[in-house]
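Input: a single structure, listed below in C-alpha cells.
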There are 4 protein chains.
Amino acid sequence: MTNMPISADLIAEHNAPQIEALQEDYDALGRKLARGGVDIDAIKARVAAFSVAVPSWGAGRGGTRFAKFPIPGEPTNIHEKLEDCAVINQLGRRTPRVSPHFPWDKVSDFVALREEAAALGLGWDAVNSNTFQDQPGQAHSYANGSLSSQDAGARQQAVEHNIECIEIGRQLGSTDLTVWVGDGTNFPGQQDLGRSLDRYLDAAAQIYAALPDDWRMLLEHKMFEPAFYSTVISDWGSSILAAQTLGDKCKCLVDLGHHAPNVNIEQIVARLHRFGKLGGFHFNDSKYGDDDLDSGSINPHQLFLVFNELAEAEANPRDGFNPSYMIDQSHNVTDPIESMLSSAETITACFTKASLVDRAALHAAQEANDTMMAFQALRRAYTIDVAPILAMARMEAGGAIDVLATYRASQYRARKAQERKAVGLGAGIV
Amino acid sequence: MTNMPISADLIAEHNAPQIEALQEDYDALGRKLARGGVDIDAIKARVAAFSVAVPSWGAGRGGTRFAKFPIPGEPTNIHEKLEDCAVINQLGRRTPRVSPHFPWDKVSDFVALREEAAALGLGWDAVNSNTFQDQPGQAHSYANGSLSSQDAGARQQAVEHNIECIEIGRQLGSTDLTVWVGDGTNFPGQQDLGRSLDRYLDAAAQIYAALPDDWRMLLEHKMFEPAFYSTVISDWGSSILAAQTLGDKCKCLVDLGHHAPNVNIEQIVARLHRFGKLGGFHFNDSKYGDDDLDSGSINPHQLFLVFNELAEAEANPRDGFNPSYMIDQSHNVTDPIESMLSSAETITACFTKASLVDRAALHAAQEANDTMMAFQALRRAYTIDVAPILAMARMEAGGAIDVLATYRASQYRARKAQERKAVGLGAGIV
Amino acid sequence: MTNMPISADLIAEHNAPQIEALQEDYDALGRKLARGGVDIDAIKARVAAFSVAVPSWGAGRGGTRFAKFPIPGEPTNIHEKLEDCAVINQLGRRTPRVSPHFPWDKVSDFVALREEAAALGLGWDAVNSNTFQDQPGQAHSYANGSLSSQDAGARQQAVEHNIECIEIGRQLGSTDLTVWVGDGTNFPGQQDLGRSLDRYLDAAAQIYAALPDDWRMLLEHKMFEPAFYSTVISDWGSSILAAQTLGDKCKCLVDLGHHAPNVNIEQIVARLHRFGKLGGFHFNDSKYGDDDLDSGSINPHQLFLVFNELAEAEANPRDGFNPSYMIDQSHNVTDPIESMLSSAETITACFTKASLVDRAALHAAQEANDTMMAFQALRRAYTIDVAPILAMARMEAGGAIDVLATYRASQYRARKAQERKAVGLGAGIV
Amino acid sequence: MTNMPISADLIAEHNAPQIEALQEDYDALGRKLARGGVDIDAIKARVAAFSVAVPSWGAGRGGTRFAKFPIPGEPTNIHEKLEDCAVINQLGRRTPRVSPHFPWDKVSDFVALREEAAALGLGWDAVNSNTFQDQPGQAHSYANGSLSSQDAGARQQAVEHNIECIEIGRQLGSTDLTVWVGDGTNFPGQQDLGRSLDRYLDAAAQIYAALPDDWRMLLEHKMFEPAFYSTVISDWGSSILAAQTLGDKCKCLVDLGHHAPNVNIEQIVARLHRFGKLGGFHFNDSKYGDDDLDSGSINPHQLFLVFNELAEAEANPRDGFNPSYMIDQSHNVTDPIESMLSSAETITACFTKASLVDRAALHAAQEANDTMMAFQALRRAYTIDVAPILAMARMEAGGAIDVLATYRASQYRARKAQERKAVGLGAGIV
C-alpha cells in the first residue's frame, strides 16, 4: 500500500492541530457515558469494527432523466473509481469494500483487478447485475423486461448475465449477488401481474441454482421507476415471498428509498429479520421517491431507528443473520467522494447511537407499558453527539479527524481533473 | 317474507314507467356486445349470481374523532340494522348477507336472530370481533393492544372473545371469522416490533385452533389508525406471513383503504392469489387514508382493475379460491341505506365490466408485448355503460330499476324517524 | 394539404365497414340522452370544437434515468416530429396544434417551419424554454439552477434564452410562453429557500417585461425531480404567488403529475380559477410521481373531475379565462403516435362527459345539501359511454372511426423505420 | 403563586444530586462551542427567553374514532386543565401560556379565570373556536359545514360563535383568534368547490371585521379529516390567498401534521414568511396523517429545519413578523403532562440548535454553491447535544433538571386520580 492516493503525512499533518480538542471532547463524553455505566472505549472498539461498502458507480456524478452535470476529474472506468474509493477509505476508515456493477465495471482480467483493489486497501462486496439497460450488440432487448419478460430469449439472456456476474464475483472474492430488476409495466393490462411473477421466479431459480454454496442472492425490491404502473418485485412482501420460494441462500435487501410514502421501514427490517430473510441494505435517503440522496441527510432519525432494529436483531439473531451494508446514492450536486465520506460518517453515527441505547431500560419500559420511558430510552441515545467517538476511531486507524477538510486540502479532485478525460454532458431523456 | 320493509307493489309501481326505456337501452347494448361476440343475457346471468355482503354497523351513521352527526331514524340495535339491510337487498338484490360485529350486535338468542334475518331474506357473512375498544366492566384493557399486548391477561381475553365470536357465528350460520386488531404503537420504542408480532402470532394460533373445519380466519391488515407509528399487521406482507404461519384455513382480507399512498392494490390482490391466500375484500374508497368512503366514489377505475384481477383469478383458481366480498364504509354524510345501494351498484358494475374484458385479445396482446392493445382490451370494457344490464338483472329479481328514487319514494327513513329512538350527538374525541 | 402523411382514401376505406354500427350506437345513445332532455348533436358540435395541443418532444420515445429503449422510425428532428403530429391530427382530429421546445426544435428559418406545419394542417401552441440542461458550448451552467441560480450569469443567460423563445414564438404564431424550471436543491441548506425565490422572481420579471401584449406567461410548478429536497416553484401556492407578483399576463399551468400524493387536483383547478390565474394544463397521468403516463390511463375519473371544474369555470368565467390544453407525456413503452391518439380520445371523452352533467340537478342538490344526488349527478354523466359521439365527430371531420386500427393499417411507422435514421440507446444515468 | 401544584422544595431536592454532572456537561459543551466562537451563556439566555404555549385540550387524554382509553386523574374542566398546565410550566419553564378552546372551556366568569391562571403563573394564548361539532341545543347543525355551509343560518351561527370567542379572549388577555374549520366534502360534487370558498371568505370577513386592532386572525389549513374528499382550506395556498383576501391582520398558521405526504414543510414556512403571512405554529409530529404525535418524536430533523427557517426569518423580518408557537398534540397513549414536558424540551432543543448554526459559514457556502459545506453548516448544529443548555436554563428559572423524573416523584397524577372524577370510556364512532 505504498501508492495510496492520499499521503499518510498529509492526514497526520491535518490531524495534528485538532487532536487536543478531540481528546477533550472524547474525555468529556466518556465521563458522561460512564455516569450511565457505559465504557466509551468499548463503544469506540465497536465503531472501529464497523464497516459499510461503497458502490463503484457512486464514484461518478449521478443525474436524472432531465440532465446530468458532470464535474471535472470524474472517474470514467473501474480503475479510476477504485482510486476514488481508496481515498474515501483512507480518510474515513469505514469503507474497505467496493461493490461492482456489470457490465459497467467489466475488465479483461478480474484477478488483476482484485489485486489492484487489494493494493489500495480495498476488498469486494456484492456483485450487481444489470438487466435494466440494453448494451450495444445485445441479442435480446430488455425493453419489455428481463427475468420476467414474456420473451424467453430475454429471460435466458438475463439469467446468463447473472450467472456470469457470479463467476466474476468468484474471481473478485465476492460472496453475494444482488439482483435488482426494473421489470414492470406502465399501463394496466400491459402484462398479467401473476404470470409476470411466475416467469420471474422461474428465471431467478435458474440463477439461484448457479450460486456457490457460500454465496447469497440478495433480492432488491422497489416500488416504482423505471416502471410506473406496476413493478414485479415492488415491495418487501413480494421480495420475501420470492426469497422463500427460491431457497435459504436467498435473502432480501432493503434500499431506504424504495418504499411507498409514509411506510415504516424499520418495521420492515424487523419483519424481514423475524422471518429469517434480512440480507442487507442499500443506504441512502429520500424525501419523495428513489431520490438516492445522501444517507441521513433528510431523516437521520429514521436511519437511527433502522440501526436500533439491527441492534435488536444482533441481540436476537436468526440463522444466518449477517446483513450486508452498502451505500447506494446518486451524487447529482456534490463531489461523490465528499458525499460518501459524509454518508459513511452519518451511517456510523446511527450505528453508534443504536449501540448506546440502554436496552435493559428500554425492555423494562416496554414490559411495563411505560411508553414515555421506552421512547426516552431511544431518544436519549439519539441525542448524544457521538462525533468524538467516530473521529477518535478514525484517527487511531490512520484516518482523518476532519475528513472533508483533509480531502479538500489534498487537492485530489483538482489533480484528477488534470489527469482524467472529461465526461460529456448528459443530455437528458425526458 | 310477508313482512318485508318495502312493499313489492311500491317497487313494481315505480318500475313500470321505466321498463320501456330500460328495455330499449338493454337491447341497444345487447346489439353492441353481440357485434363483439358477447351474449348480453349470459352477462346478465353472471350479474344475477353476484353478491356482496353489507356490514351491520354500516347501517348507522359514521363519524370521525371530531364529531358524528346523527340522522333521524338511524338504527340503534341489530334488529333495526337488519331491517335496513333488508331494504337494501329488496331494492338492489345484490346484498343478501349481513356481517355482524361483536359485542355491538350481541343478543341473548342468536338462533332467533338467525330466523329474524331469514324472514327478511338475509343470511350471515363473516363474524367480526372487536378488541380495539374497552367494554364497560371488562377485566383487562386493550389500551396497550389486544392479541399482541404485553399483558397476558389482555391477550387471553382477546383470544376468548374471538372464540366466542366463532361460537356465535356457528349459531348464525357464518363460516368466516374476520380478525382486525388496532394493535400498534404511537412512539418509536413503545414496544419491540419483533416481539409484538410473536405475541400476536401466538395468540392468533389459539384462535385458529378453535376454528371449525369448514371455517376460515381472515386477517385484515391496515397501515395506520388507531396506531400512528407502527401497526402489528400493517401491510399485506405482514398479513400473508402471519396467515402462512397460522395455517391453511387462514387467509388475507383486503380493505381498499388500508394501504400506503400510491400502492398498486390490484397487484397485491394478484400476489395474495398467487400464494393461495386471497380471502376476501372490504370494499370502500379513499383519497387520503382509511377514509371509508363509498365504493368507487373516488377511483372507480381502481375498483375495476381489482375485479379484473379477480376475473383472472377465477380463470386460474388456486386451491380453496373463494373470496368473500363485503362493503365496509363509514357513512358520515349520507343516509347509509342510500350509500350502500349506490355502492353495491358500483361494485357490481366493476364486476360486470371485468366480465366484459375480451381476455383472449388481452392475453394475445400481452404475449406479443403489444402494450397499447393490451391496455385497450381493458379500457374498452371499462368504458361500456353496463347500467342496463344491472338494472335488468335487478328488476327481474324483484328489485328496483332506480334504487335511489324508489327508496326515497318509500319514505322508509321518515317512517323510522317516527318509530326509532334518537341517537345522541357524537361529541368527538380530538 | 395534398401531401398529408396518411391518405384520405385509406381513412375512408377503413371507416366504411364501421359506419353502420357507429350510426346505430350513436342513435341509441341519442335516444337515451334525449330522454334526459339532451340533444346529442349539440354535444357532438361541442366535441367538434374541442382541441388539445401535442408536444413536439412527445413524438419521440421517452425514457428514465435508467434507460431509453428507442423504436425504429422514431423522429429525430422537428420536421419528422411535425409529420408524426400530422398523423395524429389526421386520424383523431382533436390535435391541430404543436407545442415546440427550444433549443431542441431549433431551425434556421422559423417562417418556413410555420409554413411547413400549416401545410400539414398544424398550428403552434405554447413555446417551451429549456433551462434544465446545459447545451454544448453554453457560457454558464445550470448545474446550480437557472432563473433562481446564485450565479448572475446563469440567471441572465436563462432570461435571454426565454426572451429568444418569445421571439421564435412570434415567428411561429404562438402567444404563450411556458416556463418550467427544475431549480431546487438536494440538501437542506444547499440554498436559502427565501432568497432563491427572490432571485427567481427577479429574473422571471425580466422575461415578463419582454412579453408582447397579447401573450401570456405560463408558470408550471412541480413537486420534485430533478431536485429532490426542495424545488423553487414546487406547488400551486408558490406558482400563484409568483404569478400574482409578475402581473396579469402571468398565469399558472397545471401538470397532472406534478403534485404531492393524494392531493385534490380538481380543487387546485377551482382555486386557480377563483383567483383568476388558471392558465392551462399539461395532461398526463401518474401513479407515483411525475410518471408522465398516458392521460387517463391510471385514473380517468380524476380527469373527468378536472373537466367538471372546467365546465363550471366556463359557466362562471373570470377575466381572461382561456385555458390552454396540452398533452405532456413520456412514451416509454408505446409508439408515441398511438399513445397520443389514445390520450386525445380519453381527454375528449372526459370533456364530453363533463358537458353531459345535468348542472341544474347538480346545483339544486348542492343547494339542498342532498349529497347523494349531487354525487349521482356527476356519476351518471361519468358512466355514459360517449365513444359514439367522439367517433362520429371524428369521422365527420375526416378522421378515423377506429384511430388505432387505421393507424396500424397505414404501416406509417414501418415506412418511417425505412426512411429515418436510427436513434442510439439511451445509456441511462442512475 | 403560593399554591402551585408542585412544591419548589421537591424540585430543588431532585435537582440537587444532578447539579454537579449538569455543570460538568455544560462546561464541556461551553468549551466546545467557544472553540467555534460561540458563547454558551448567550445561547442559554436565548433559551431562557423562548416559550411555547400549551393547549388546554391537550391536558386530557386523546383518542381516535375507534376508541379513547382514559387515565385516572385526567382533568375534566378548564380549572383542572390549568392546574396540569401549571405543573408543566413549573417543571419545564418554557410553557407559560395556555390556549383555550370554546365552548369546551366555557365558564361563567372569565375575569376570574384569568386571575386563576395568573395565580398559577399562566397567561393566555390564542383563542380557538369550534365549529366542527354540534353542541346540545344548537339552532343550526354544522353537519354540512360552518363558515362555508350552504345554510346561511349555520354560517351566521359560526360567525357569531367566533365573535364571541374574540370577546372571551379580550377578557382573558389573548390577542389571537385561531380559526380552523373542518368544512369540506366526502363526495365529488357534494358541494361546488368554488362557491364553498366564496361563502367561507364572506363569513370569515365578518369575523375579521370584529377583530380588535391589536388582534390577529390565524387561519389553519388541513389536508383532510374530518372531510375526506375536499377541504375548503386544505393547503397553504388556499390559506394564504384567504389571508390576503381578508386583510393585514389575518395570517396563516402551520400545523406540522396537516400537509400532503412528502411535502417540504420548511419551504412552506419560508414561503409564508416571504409573503408576510407567517402567523404561527401548531407543533406536533406525524407519520401518516394528522397523527398529532409528540413534537419531534418521529422526525426531529424536520422540526430543526423548520426552526432554521425561523432563524432566517428572524434575521430577515417582514412587517409584523411575530410567529406564535403552540403545542397541539393528541396524547392517546401517554400521560399528557409527560408528553407536553417532553415535547416542550424537544421544541426548545430544535430552536437552540437552529440558534447554533454558523450562519456566516452557511451563507458563504450558499453563495459559493458549495453544497456540501452548506449542508454541513446545518448538520453540525443539528448534531450538537444541547441538553445541558436546556437543563441549565430550566434549573436557573426554578424548573427541574430532569423534568420527567421529578414529575413522577411528585406523584401528582396519583393524587389527582384520588381527587378528580373518572372519565368514561370513549365508545368510538367507526
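Every chain is numbered from 1 and lettered A, B, ... according to where its sequence line falls, protein lines coming before strand lines. Only heavy atoms go into these numbers, but all of them, side chains included; no hydrogens, no water, no symmetry mates.
- Distance check: D:Ser286 OG to B:Tyr229 OH gives 14.0 Å after rounding to the nearest 0.5 Å.
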Decide salt bridge (charged side-chain N to carboxylate O under 4.0 Å, His left out) for D:Arg65 and B:Asp292; before the verdict, give the C-alpha distance in whole Å, the side-chain angles of both, and the deciding distance to 0.1 Å. CA-CA 12 Å; D:Arg65 62 172 165 142; B:Asp292 277 334; 3.0 Å; yes

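- Taking D:Lys81 as the reference, nothing meets the side chain to side chain donor-acceptor pair (under 3.5 Å) condition, with sequence neighbours excluded.
- The one candidate from B:Phe228, B:Trp180, B:Tyr142 that meets the ring-ring contact (aromatic ring centres under 6.0 Å, His included) condition with D:Phe66 is B:Trp180.
- Comparing B:Asn130, B:Thr334, B:Val333, B:Asp285 by how many heavy-atom pairs each has under 4.5 Å with chain D, the most go to B:Val333.
- If you tally non-hydrogen atom pairs under 4.5 Å between each of B:Gly182, B:Pro261, B:Gly60, B:Pro226 and chain D, the highest count goes to B:Pro226.
- For B:Asp290, the parts lying under 4.5 angstrom from a heavy atom of chain D are both the backbone and the side chain.
- Expressed to the nearest 0.5 Å, how far CD of B:Glu225 lies from CD of D:Glu225 amounts to 7.0 Å.
- Residues satisfying the salt bridge (charged side-chain N to carboxylate O under 4.0 Å, His left out) test with B:Asp385, not counting sequence neighbours, are none.
- Residue B:Phe132 comes nearest to D:Ala67 through the heavy atom pair O-CB, 3.4 Å, listed as atom of the first residue, atom of the second, then distance.
- Between D:Phe69 and B:Ser141, the shortest heavy-atom distance links the atoms CD2-OG, 3.9 Å.
- To the nearest 0.5 angstrom, D:Thr185 atom OG1 is 12.0 Å from B:Asn332 atom CG.
- Each of D:Asp291, D:Asp294, D:Leu293 was checked for a side-chain contact (heavy atoms from CB on, under 4.5 Å) with B:Asn186, and the lone residue meeting it is D:Leu293.
- Residues B:Ser339 and D:Phe187 share a closest heavy-atom pair of OG-CZ, 4.0 Å.
- The distance from atom CE of D:Met223 to atom NZ of B:Lys287, rounded to the nearest 0.5 Å, is 7.5 Å.
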